[in-house]
Amino acid sequence: MRLSAYFLPLLRENPTEAQIVSHRLMLRAGMVRQSSAGIYSWLPLGFRVLQKVEQIVREEQDAAGALEVLMPTIQPAELWRESGRYEDYGKEMLRITDRHEREMLYGPTNEELITDIFRGAVKSYRDLPRNLYHIQWKFRDEVRPRFGVMRGREFLMKDAYSFDLDAKGAKHSYNKMFVAYLRTFARMGLKAIPMRADTGPIGGDLSHEFIILAETGESAVFCDKAWLQTDVLGTDVDFNGDLEPFFKKWTSLYAATEEMHDPKACPVPEDQLVSARGIEVGHIFNFGTKYSKPMKAVVSGPDGAEIAVEMGSYGIGVSRLVGAIIEACHDDAGIVWPESVAPFKVGLINLRAGDEKCRTAADDFYKKLNAAGVEVLYDDRDESPGVKFSAMDLIGLPYQVVIGPRGLDKGVVEFKSRRDGKREEMSPEAALNRLST
RNA sequence: CGGGGCGUAGCUCAGCCUGGUAGAGUGCCUGCUUUGGGAGCAGGAUGCCGGAGGUUCGAAUCCUCUCGCCCCGACCA
């Protein structure tokens, strides 16, 4: 992509409304624009990141055997009356009346809808287990939206729902998602710690929140100091095998959210306990028959008797993750994207747009990168070098290739790694080689 | 939902107290000179001063109402 033809409205100064670093950087880097409180438009650069995050989530859900569907954002109120949550949810639910005076709502989550779909289609234990997920916009009318996309009212969420015949199967489904989540966040370069969590209004008895430690986090969390030195799972897993060892391993070290943390009962000695702030990026629940019973999601068992299915739900805040990644990956100059979610892999800077030799060399390098399938943002604008350097640092692409008259005379380009700031001179071929691998 | 604050140029903000021609920096446009970490000079464009009422000869400024946004707290993927 040529920057001269791109839509990248950068801000030189910090907008006053943005108080935390990810919000500031997302606005300054031209990733999002606020539409109203807690509601954002995603501009090209931000949207690319959102889609990369979404794709990683999708791949890991698929790998764990979950099946993607797409449910609507608007749901009928009746379903929520069946589960009893229509009244419970209160003002956080955006309620809508259509032209026929029918009560509708903008979905804050989808347990009711998925249960309705499931009960209409599955009648036999033979069709279990199943896990259905979708990645869809949700709306929760938060009292106080804040922190940019980290606590918006409208947000993109992956929510998966598992259906099993019995508690043992349900635990296996839970473990699958548990492991898939470890892999998902690890792929994004994040250390997300699974913590025992309160089930809240979703219900149930088994629940983990996946928390990224960050000073700006909204939740108070407690964990064993050893977690700080522990790497998260990144290896391949057989999802059909026994996952309980993985679950045990990644829950053996103490980690709990504030609601679940009891200082008196805590097994970790005080000097070994970390008290920190965290960002919740995922939350998994096993809630048994909380919805299947009132909504009559039942199957015939082997003996012909009706059995209410055991359910779980599994959420990842996809749009929140974009902010969370920036909270975890930035420096004074701007964002430092992990390669897996970077909007482009490399920023190509032509230092002298007006110089024939530079332009030819840069155009040529750009063509070769494209041919090699390397995602590149090419700054071909006629701007001063300082402007280009700072813009490229701000948007945080993992690598920069600088082509200027000084290097060209020696037949080299400059290759810079954003993360450590190291710059090396090398031939264009060598730089191309580095980037295509 | 309680408490606090802010709405003036694309952005950051001054002006408001004490009513009298709409401002600065930055960005934007044009031209020239520049060019390895946010360049220089010259010229130029940009505002229903959030909205509605009111007071006044006269309102960005005073009063009333209203809408929006932000922050702290309680609540939450």
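Each chain gets a letter, A, B and so on, in the order its sequence line appears, and its residues count up from 1. Computed from a predicted structure; not experimentally measured.
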Whole angstrom value for the distance that separates C1' of B:rC69 from CD1 of A:Ile39: 13 Å

Sequence neighbours excluded, every pair satisfying side chain to side chain donor-acceptor pair (under 3.5 Å) that has a member inside residues 24-38 of chain A: A:Gln34-A:Tyr40

Watson-Crick or G-U wobble partner of B:rG23, both distances under 3.5 Å: B:rC13

Euclidean distance, atom CG of residue A:Leu25 to atom C1' of B:rC11 [Å, nearest integer]: 16 Å

Partner set under side chain to side chain donor-acceptor pair (under 3.5 Å) for A:Lys176, not counting sequence neighbours: none

Nearest-angstrom distance from the residue atom NE2 of A:His23 to P of B:rC70: 8 Å

Identity of whatever pairs with B:rU55 - Watson-Crick or G-U, under 3.5 angstrom: none

Contacts of type salt bridge (charged side-chain N to carboxylate O under 4.0 Å, His left out), residue A:Arg95, not counting sequence neighbours: none

Watson-Crick or G-U wobble partner of B:rU61, both distances under 3.5 Å: none

A:Arg434 to A:Phe415, cation-pi by 6.0 Å centre distance and 45° axis angle: yes

Residue pairs, two or more places apart or on separate chains, that pass salt bridge (charged side-chain N to carboxylate O under 4.0 Å, His left out) and touch residues 39-59 of chain A: A:Arg48-A:Glu375, A:Lys52-A:Glu375, A:Glu54-A:Arg58, A:Arg58-A:Glu68, A:Glu59-A:Arg187

Complementary nucleotide of B:rC69, counting Watson-Crick and G-U pairs under 3.5 Å: B:rG5

Protein proximity profile, nucleotides 29-38 of chain B - base contact B, sugar-phosphate-only contact S, no contact -, cut-off 4.0 Å on heavy atoms: ------BBBB

Those residues that, when tested against A:Asp420, pass side chain to side chain donor-acceptor pair (under 3.5 Å) (two or more places apart): A:Ser417

A:Lys290/A:Glu111 ion pair, N-O < 4.0 Å: no

Extract from the structure each pairing of a protein N or O with an N or O of nucleotides 13-15 of chain B at less than 3.5 Å, listing the distance.
from: B:rC13; atom 1: OP2; to: A:Thr16; atom 2: OG1; distance (Å): 3.2

Set of side-chain contact (heavy atoms from CB on, under 4.5 Å) partners for A:Thr230, sequence neighbours left out: A:Trp227, A:Trp250, A:Leu253

Nucleotide B:rC69, atom P - distance to CZ of A:Arg33 in whole Å: 17 Å

A:Gln19 CD - B:rC70 C1' separation (whole Å): 7 Å

A:Arg183/A:Glu60 ion pair, N-O < 4.0 Å: yes

Euclidean distance for C1', B:rU55 against B:rC62 (whole angstrom): 8 Å

Set of salt bridge (charged side-chain N to carboxylate O under 4.0 Å, His left out) partners for A:Glu356, sequence neighbours left out: A:Arg359

Touch class at under 4.0 angstrom, heavy-atom based, for A:Gly152 against every strand present: base

N/O contacts under 3.5 Å, protein versus nucleotides 44-46 of chain B?
none

Upstream residue (5' side of RNA chain B) when A:Lys91 and A:Ser319 are each assigned their closest nucleotide: A:Lys91

Same-atom distance (P) from B:rC69 to B:rU33, integer angstrom: 49 Å

Qualifying residues under side chain to side chain donor-acceptor pair (under 3.5 Å), relative to A:Glu13, sequence neighbours excluded: none

Identity of whatever pairs with B:rC32 - Watson-Crick or G-U, under 3.5 angstrom: B:rG40

Options B:rC69, B:rG25, B:rA74, nucleotide nearest the side-chain atoms of A:Arg144: B:rA74

Geometric class of the A:Tyr6/A:Phe344 ring pair [parallel <30°, tilted 30-60°, perpendicular >60°]: perpendicular

Interatomic distance where CD belongs to A:Glu142 and P belongs to B:rC71 [whole Å]: 13 Å

Gap in Å between the two P atoms, one belonging to B:rG54 and one to B:rU61, rounded: 14 Å

Selected nucleotide, minimal atom distance to A:Ser36 side chain, candidates B:rC69, B:rC71, B:rC1: B:rC69

Sugar-phosphate, base or nothing in reach of A:Ser219, heavy atoms under 4.0 Å: nothing

Earlier contact from the 5' end, RNA chain B, for A:Gly317 and A:Gln34: A:Gln34

Integer-rounded Å distance: B:rC70 C1' and A:Ile20 CD1: 13 Å

Between B:rC28 and B:rU12 - C1' atom distance, rounded Å: 16 Å

Residues that A:Asp409 engages under salt bridge (charged side-chain N to carboxylate O under 4.0 Å, His left out), provided they are two or more places apart: A:Lys357

